[in-house]
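Owing to the predicted nature of the structure, the values given are computational and were not obtained by experimental measurement. Only this structure's heavy atoms are used, side chains among them; waters, hydrogens and symmetry mates stay out. Numbered from 1 within each chain, the chains take letters A, B, ... in sequence-line order.
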There are 2 protein chains.
Amino acid sequence: MEPKTNLTDLNVSDFAMAFEELTRLFIRMPSIEKLSFTTLSVLHTLSLRSPMRLSELIATEQVTQSAITQLVIRLERDGLVERRPDPSDGRAVLVHITPQGVSVIDSRRSERIMRIAKLIEGLSPEERGAIASALPALTRLAELGNE
Amino acid sequence: MEPKTNLTDLNVSDFAMAFEELTRLFIRMPSIEKLSFTTLSVLHTLSLRSPMRLSELIATEQVTQSAITQLVIRLERDGLVERRPDPSDGRAVLVHITPQGVSVIDSRRSERIMRIAKLIEGLSPEERGAIASALPALTRLAELGNE
DNA sequence: GACATTTATATAAGTAACTGATATAATTTT
DNA sequence: AAAATTATATCAGTTACTTATATAAATGTC
């Protein structure tokens with residue numbers, strides 16, 4: 001019998017190392033799309049909540065207001081979002097994700113899921129179980145990270 | 001007593017969703033550096049193994065050979081790597097990471113570790129334990145992903 | 001062992017996506 | 001109403017990419 005390690009405290013450095021690798025792996029995964037990282041991040045944000053103002057998008061991304069304005073114009077040109085006026089504020093622009101925009105995110109997600117499934121096949125049932133048990137905690141960690 | 005869920009099979013879609021958020025969180029984390037994603041990725045690769053040929057770096061990144069050549073020239077200009085001839089092949093260039101290059105990676109890593117530590121404080125001991133138990137499996141998953 | 005092919009990198013020219021500075025127009029504050 | 005603030009757009013300049021092509025060393029051919 002192996003010792004119960006469930007109460008072992010979490011070594012932050014080990015965690016960071018593991019996630020450094022996983023993050024790289026994750027980012028590289030869906031290699032088909034030709035969209036930049038920032039572009040995909042904006043689309044992803046909009047896939048969680050749409051519409052959003054340009055100013056709200058600026059807060060979530062790490063680029064300037066000018067960059068977001070131009071990026072959203074390109075996204076609209078490509079049919080992935082629509083820009084509409086905000087009835088409650090004549091200055092503002094509400095960015096709506098289009099069905100086509102949603103499908104970009106969805107298809108990337110399903111490609112990622114397929115590839116992850118292949119990797120997971122290489123794990124033992126115990127390893128899979130350990131990850132499954134940690135998922136709720138990992139999800140909560142991500143939530144904490146979004147303030 | 002809670003049911004033993006260690007043998008529960010891992011739901012890939014849940015896993016992908018959790019990691020989608022964690023990846024975004026992770027990427028945004030060290031916001032100080034002004035280096036592009038590809039640049040940091042090359043530096044990180046070199047922090048794991050140095051020297052490497054340009055051609056090897058091309059294989060690990062998702063940009064063209066031309067882009068890598070230019071990127072490494074910029075990294076050398078900034079003192080983060082050195083380009084030296086390969087004694088065993090007159091065509092090749094060996095890219096060595098410099099101490100300054102290593103320190104870029106290290107300081108990003110420690111900043112990330114500090115921020116993660118803060119987040120982890122918000123988890124319960126049980127949650128921390130669950131993640132700790134999953135770390136070996138997650139590390140192996142990342143290894144599987146690197147072929 | 002010259003000749004053709006392949007491999008490793010560099011260079012050139014063009015483009016896309018950013019930055020910083022400034023402009024415009026709507027809203028809010030005084 | 002005027003002044004200050006906020007939300008977005010525009011402009012000019014820069015950086016990091018792309019594709020196509022060049023160069024030079026190594027390898028394979030006969």
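Of the residues in residues 67-89 of chain A, those with a non-hydrogen atom less than 4.0 angstrom from any atom of DNA chain D are A:T69, A:Q70, A:R83.
By the side-chain hydrogen bond (donor to acceptor under 3.5 Å, both in side chains) test, B:Q100 is found to be paired with no residue, residues two or more places apart in sequence or in another chain being considered. By the side-chain hydrogen bond (donor to acceptor under 3.5 Å, both in side chains) test, B:R74 is found to be paired with no residue, residues two or more places apart in sequence or in another chain being considered. A:R24 meets the side-chain hydrogen bond (donor to acceptor under 3.5 Å, both in side chains) test with B:S41, B:H44, B:T45; sequence neighbours excluded.
With DNA chain D read from its 5' end, the first of the two nearest nucleotides for A:R91 and B:S66 is the one closest to A:R91.
What separates CD of B:Q65 from C1' of D:dA16 is a distance of 15 Å, to the nearest Å. At whole-Å resolution of the value, CG in A:L35 and P in D:dT18 are 14 Å apart.
Extent of DNA chain C lying under 4.0 Å from chain B heavy atoms, first and last nucleotide in 5' to 3' order, is C:dT7 to C:dA12.
Each salt bridge (Lys or Arg N to Asp or Glu O under 4.0 Å) pair with one or both residues in residues 50-73 of chain B, not counting sequence neighbours, appears once here: A:R28-B:E61, B:R49-B:E56, B:R53-B:D86, B:R53-B:D89.
Across all strands shown, A:T38 has heavy atoms under 4.0 Å from sugar-phosphate atoms exclusively, and none from any base.
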Would you sort out whether B:V72 and B:L54 count as a side-chain contact (heavy atoms from CB on, under 4.5 Å), showing the intermediate values?
CA-CA 8 Å; B:V72 168; B:L54 277 184; 3.6 Å; yes
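No salt bridge links A:R109 with A:E111; every basic N to acidic carboxylate O contact stays at or beyond 4.0 Å.
A donor-acceptor pair under 3.5 Å links the side-chain atoms of A:N11 to the main chain of A:S13, judged by distance alone.
A tilted orientation is assigned to the rings of A:F19 and B:F26, their planes being inclined by 30° to 60°.
OP1 or OP2 of D:dT8 lies within a sub-4.0 Å distance of a side-chain N or O belonging to A:S55.
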